[in-house]
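These values consider heavy atoms only, across backbone and side chains, with no hydrogens, waters or symmetry-generated copies. Each chain gets a letter, A, B and so on, in the order the sequences are listed, and its residues count up from 1.
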Amino acid sequence: MENLIALLVAAPLVGAALLLCGGKRLDRTGHWIGTLLAVASFAVGVALFADMLGRSADHRAMHQYLFSWIPVGGFRADVAFQLDQLSMTFVLLITGVGSLIHIYSIGYMEHDERRRRFFGYLNLFLAAMLLLVLADNYLLLYVGWEGVGLASYLLIGFWQHKPSAATAAKKAFLVNRVGDMGLSIAIMLMFTTFGTFAFGPVLAATGATSEGKLTAIGLMLLLAACGKSAQVPLQSWLGDAMEGPTPVSALIHAATMVTAGVYLITRSGAVFNAAPDAQLAVVVVGAVTLLYGAIVGCAKDDIKKALAGSTMSQIGYMVLAAGLGPIGYAFAIMHLVTHGFFKAGLFLGAGSVMHGMNDEVDMRKYGGLRKYMPVTFLTFGLGYLAIIGFPGLSGFFSKDKIIEAAFAKGGTEGWILGGAALLGAAVTAFYMTRVMLMTFFGEKRWDPKETHPHESPKIMTVPMIVLAVGSVFAGGLFSINESFVTWLEPVTSFAHGHSPVSATTVTASTIVVLLLGVGTAWLMYGRKPVPALAPRGSLLTRAARRDLLQDDFNDLVFVRGGTHLTTTLVQLDRSLVDGAVNGTAASMGGLSSLLRRLQTGFVRSYAVQMLGGAAVLVAATLLMRGV
Amino acid sequence: MSFPLLTATAVVPAVGAIATAALPAAKRTAAKWLALLFSLITFALALVVAFRFDPGAGAPFQLTESHAWIRDFGVRYELGVDGIAVALIALTTLLIPFIILAGWHDADPLEEATPNRRWRPTQGFFALILAVEAMVVLSFEATDVFLFYIFFEAMLIPMYFLIGGFGDRAGRDGEEEAAGRRSYAAVKFLLYNLAGGLIMLAAVIGLYAVTADQLGTGTFSLQQIVEARTAGTLNIGTGTERLLFLGFFFAFAVKAPLWPLHTWLPGAMGESTSPVAVLITAVVDKVGTFAMLRFCLQLFPEASSWATPVILVLALISIVYGALLAVAQRDIKRLIAYASISHFGFIILGIFAMTSQGQGGATLYMVNHGISTAALMLVAGFLISRRGSRLIADYGGVQKVAPVLAGTFLIGGLATLSLPGLAPFVSEFLVLVGTFTRYPVIGIIATLGIVLAALYVLVLYQRTMTGPVKAEVTNMPDLRVRELVVVAPLIALLLFLGVYPKPLTDLVNPAVQHTLSVVDKKDPKPTVQVNAVPGEGRHGHAANDQDVEAAK
Amino acid sequence: MNPVYYLYLAALLFTIGAAGVLIRRNAIVVFMCIELMLNACNLAFVTFSRMHGNLDGQIIAFFTMVVAAAEVVVGLAIIVSIFRTRHTASVDDASLMKL
């Protein structure tokens, strides 16, 4: 069975190669080829999953060795795959949601002349993402890691003729590269410490290593995760990434790629478990980001950017959970999966709304759309209920567990983290209700003459319905007998947290803050009409609209500072480095122009010089001989 | 005596150069085909060399040829290759056909100029390229220091004419000014490299004096000197060794080029046509880094260790400085030139990190950088020839008009920024790891290079290829068949060596181990012993098989 | 007779020649002075040959004569052509080649 693992990656990779090199010939069939190969990969995933379920919990991990990649001295990197329960979860999520979004894109991109290329990029993304989660060593993971970055770059900038899209794509890649620096340093640290960077030996050897080394590795891995998962302080690219086509936002910037950081931290659990300082850094990053994203999400009028803020915040939850150690890993992944369902659904819904609204993204120009797009409204609504953690839906189960685990961290930390998570839940309820109310309720704020909102075609609504079903039931399914936790336990290990607050209290307070958030939003956006032009707003609102001034800070420090530095260096290169050389040349020239004066052009002066020279030579010879 | 394969590999392009140059003015097209034919034969010979070469054999140099040449001074015609040389010869001979194809029309005489017997620029252009190839190949093969020196210096002359004599068409008005800048760049190139070469000549003579003094008969033979050193019969004094090392290193650092001796490169690459720019950075400059590895380290191991800290810092400055300057460039070719300076910093870093990963990575880097820069620079050349401008600001939205051109440009750029999956990643990561194991701080600072590389590549791509289509580029044709034939194999090779670099590493590893043993350095051991043997590569694999059995 | 006297004579002739080259402006005269110097050298060579009792000096003297003859041919041709174009044979006027 394990020989099928490579097929998971190969299918979309073949698709990408075909579609990108195939040329115009494939323009008419390209999207079908791409979708077919994505679905094929999903089918292989399901087959492997079925095989895995048939075995006992300890014998589920599979391994496939392909070939030796880079052998130099003690440095051995292999192309080898490892499929265990954690990877399996991701494989199903990636190929499943990926296939749905491929199908959706057939409709969404119908009128784009470069649709074939779009599907090529999507397939490339799938291949890279699968490589990321299937790699059995950190270096191969790094290949997938940058591969998804490339796919994300290509897809964000898909509409390259728009300068804003091109800039956003570049920004995403660059910020991610900063994170990648962390990952490469982590790999180098592992190599110097363990002499290897394969998961098995590294994670097994953490016990014998000094805590300082592990903390360093952990912090570097965290930096990598921050870049890929848009966590503070490397979060600034995610909002801009919404320039890409909406299916891309759903697949890459909500359901799968941005969660790679959580995968990395969970996969490296053994390192973090043995390095409490690194773990603390992880939870702090998670807690800060979950609030940061939530605040940003409250202020955005662009529906996709509001959802992007929400994504950031939800991943903050996952990172927080992953930072809690064995009491949190499983819940982080569980939230990741449920989030994959409902956030992808929400984005597809947003895409569907835009599709019917002439690509308008400003929610202040929506309103009352529930009558015009019933299916979209219904699926979006279910996703909404799931994300705010409405009891019984997916988000409720996964988020509730995280909040509980945060309290279980113990001590003051536990109270702070738990409090932050609860506050986050309240704000989530607020901003999501705001999105819901501004889009689907209230009065029409669009011009009926120009805009004719309509429901999207079947090929788009069906994936939305499937995802909505997932958002409703996945969480509950996973929680029956703690089935999800048991499934992951052999990989991530699991410990029950001992919360100072009882589970019922946590659940009750979650529901209370949820109602608070929804109520506030209704008071502000539901009870009275939404102004079509954004009011000036409080200081915080204005800052949040600008992503809490993160971009301004980056612009001031890195962009301006960097520009200044490089221009100075260019001048220095010319004046100092090159100047030194040219100066030598010029002084040689000066010297020779002095000497040139000796050449008067008068034959007789040359004759005198010759005579003088001869005399000097004779004198010198005589002196040397001691006469 | 067996067939002198190494000599043949160098003689074929030399004969080709003469034959091409001898063709009459009217036979321009024939000259092109002839040059291409000879370069292909050379490549075939290089492949034979590569297959005849046995990486596993014990001897450091193989396929050796040795004849007395100038008996009075102990100069011998000694050729031999190790894995590193084989890899670089293969790279050189591989790139030359592409360079010739890419420059197919670069040396056509202007329409108004009537061809006559004396004025045969096309023949001259291709003959000079082949002449450079012959000399570069010989300097990779020479194991006699004096012999190496001769070709190391002689290749400057054809290069001088290639840089000074042929440039991008600047249009009627700018032609005069462009010619002025071109000859300035060519003179600068020549003076810089001659200065380096002369200092090296002094050191070469010094080396001869030392060997003549201590061994009785003076020798330039690398192997003899290395053997005499290990046997203890040759003992160069510390001070002398350091001076000689600096003499050699200076010449190679100019050629490489290492900060702060780099300023000739942007001019030379910027003013020459893009095939010549590729010839400079991908082929000729590699002789510098190659010679560091072969001559500096093996002749003067102790002095090399002594100078390592300074050289590492200079290499580090090159990496960051080159990348930062690349960001600020407004000229596409100069941008690529500064990027190359950054990359040469990586190569030198790897060489002097003195670990098998570092030096193996550096050798791979030389090959991969050659291919990736060739891809990027040649596509840039195709772009420039379409619009007649090297300024980034003159482009915009090319992606929409010429998607294949933009796509290949992007892949070349991604290779330049060392995207995993493409060949340069393998070498860059090896260099970084190799440096990190011995010098963690330098390794960490060097990783900054990967962020900056992304910056200059993506900014370049964004400004030229994306955004609204500029009026001047609306009618730009996409890549032609000839251009595609140049770029596609290079890209395929980048992908192949990125996914499966093992043939190359197998070739290079023994040579690197030999170099390290001469320098007497060993890789640092990992601090923690891991149970699984890292060399096995399939740890847990067997165990899993059993598990599967058990599960069934 | 003591051969050293020939050397004195040679020295005297050489000095006269050198002084003439330095002082006179007329190219023809300068030329004759150069001839004088060459012949002074020849005299010295022959004298040394006699003093040392071998033929080396005499052979060199022949060489010098040949060189002098060649020089006369080239030199006179230059002087004549300068005179033709510029109607003067002053060496100071022929300084146009300097930069």
Side-chain angles (χ1 to χ4, degrees), chain A residues 2 55-56 59 61-63 65 67-76 78 80 139 142-143 146-147 150 157 160-161 163 166-167 170 173-174 177-178 180-181 184-185 187-188 191-196 198 200-202 204-205 208-209 213 562 565-567 569-570 573 577-578 580-581 585, chain B residues 191 260 263 321 324-325 327-328 355-357 360-361 397 399-400 414 419-421 426 429-430 432-433 436-437 440 443-444 447-448 450-451 454-455 458-459 462 465-469 500-502 505 509 523-528 530-532 534-535 537-541 544 547-548 550-551:
Chain A
E2 67 245 22
R55 300 195 221 155
S56 68
H59 296 279
M62 291 187 234
H63 198 269
Y65 172 87
F67 55 89
S68 169
W69 181 28
I70 316 177
V72 173
F75 186 96
R76 304 267 150 167
D78 295 327
L139 198 67
Y142 187 59
V143 176
E146 287 242 336
L150 170 69
Q160 288 183 321
H161 51 89
T167 311
K170 182 188 68 182
F173 197 95
L174 280 179
R177 268 258 152 160
V178 177
D180 296 347
M181 223 179 107
S184 47
I185 294 176
I187 297 175
M188 295 192 272
F191 179 68
T192 42
T193 315
F194 307 110
T196 173
V202 167
T209 315
K213 278 254 165 70
L565 177 69
T566 51
T567 43
L569 276 180
V570 168
D573 195 51
V577 184
D578 206 20
V581 179
Chain B
L191 286 184
T263 52
Y321 187 90
L324 280 175
L325 260 76
V327 175
T355 54
S356 48
Q357 290 82 38
Q399 202 275 336
K400 189 123 183 133
L414 291 173
L419 190 85
V426 175
F429 199 82
L430 281 174
L432 285 173
V433 165
F436 188 86
T437 48
I444 288 174
T447 50
L448 264 183
I450 69 173
V451 179
L455 186 61
L458 295 184
V459 168
Q462 186 193 354
M465 299 297 172
T466 69
V469 182
Y500 195 62
K502 199 160 171 293
T505 52
N509 280 339
D523 289 344
K525 285 262 175 297
T527 46
V528 178
V530 180
N531 303 340
R538 19 167 79 219
H539 40 253
H541 187 247
N544 270 331
D547 290 352
V548 175

Checklist line | Smallest separation among heavy atoms of A/I70 and B/V426, with atom names | finding: CD1-CG1, 3.5 Å

Check: For A/P163 and B/P468, which heavy atoms make the closest approach, and how far apart are they?
Finding: CG-CD, 3.8 Å

Note to self: Which label fits B/F429 and A/F75: parallel for a plane angle under 30°, tilted from 30 to 60°, or perpendicular past 60°?
What the structure shows: tilted

Margin query: Please classify the contact of B/V327 with chain A as side chain, backbone, both or neither, using a heavy-atom distance under 4.5 Å.
Written below: side chain

Note to self: Run the ring pair (Phe, Tyr, Trp, His ring centres under 6.0 Å) test against B/Y321 and tell me which residues pass, sequence neighbours left out.
What the structure shows: B/W259, B/H262

Next item on the list: Starting at CE of A/M188, measure out to OG1 of B/T447 and round the result to the nearest 0.5 Å.
Entry: 5.0 Å

Note to self: To check you understand the geometry: which heavy-atom pair defines the closest contact between A/V577 and B/P260, and what is its length?
What the structure shows: CG1-O, 3.4 Å

Item checked: Sole residue of B/L432, B/V433, B/I444, B/I450 in side-chain contact (heavy atoms from CB on, under 4.5 Å) with A/S184 -> B/I450

Checklist line | chain A contact via B/P524 - which portion, at a heavy-atom distance below 4.5 Å | finding: neither

Checklist line | Part of B/L414 within contact of chain A (heavy atom distance under 4.5 Å) | finding: side chain

Notebook entry, point to check: Side chains of B/V459 and A/K170: closer than 4.5 Å at any heavy-atom pair?
Noted result: yes

Notebook entry, point to check: Which of the residues B/D523, B/T437, B/L191 is involved in the greatest number of heavy-atom pairs with chain A at under 4.5 angstrom?
Noted result: B/T437

Next item on the list: Under 4.5 Å, counting heavy-atom pairs only, tell me which of B/M465, B/K400, B/Q462 racks up the most with chain A.
Entry: B/Q462

Check: Which distance, rounded to the nearest 0.5 Å, do you find between the CG of A/L565 and the CG of B/L324?
Finding: 5.0 Å

Next item on the list: Check whether B/V469 gets within reach of chain A through its side chain, its backbone, both or neither, counting any heavy atom under 4.5 Å.
Entry: neither

Next item on the list: Spell out, as yes or no, whether a donor-acceptor pair under 3.5 Å connects the side chain of B/Q357 to the backbone of A/V72.
Entry: yes

Margin query: At a heavy-atom distance under 4.5 Å, which candidate from A/V143, A/I187, A/L569, A/D573 has the highest pair count against chain B?
Written below: A/D573

Item checked: Proximity breakdown for A/F67 and chain B, heavy-atom pairs closer than 4.5 Å -> side chain

Check: Listed by chain and number, what are the salt bridge (Lys or Arg N to Asp or Glu O under 4.0 Å) partners of A/K213, not counting sequence neighbours?
Finding: none

Margin query: Would you say that B/P420 contacts A/Y142 through its side chain, given a criterion of any heavy-atom pair below 4.5 Å between the two side chains?
Written below: yes

Check: Between A/D578, A/T566, A/V581, which has the largest tally of heavy atom pairs under 4.5 Å with chain B?
Finding: A/D578

Item checked: Closest contact, heavy atoms only, B/K502 versus A/P71 -> CG-CG, 4.0 Å

Next item on the list: Let me know if B/L419 has heavy atoms under 4.5 Å from chain A in its side chain, its backbone, both or neither.
Entry: both

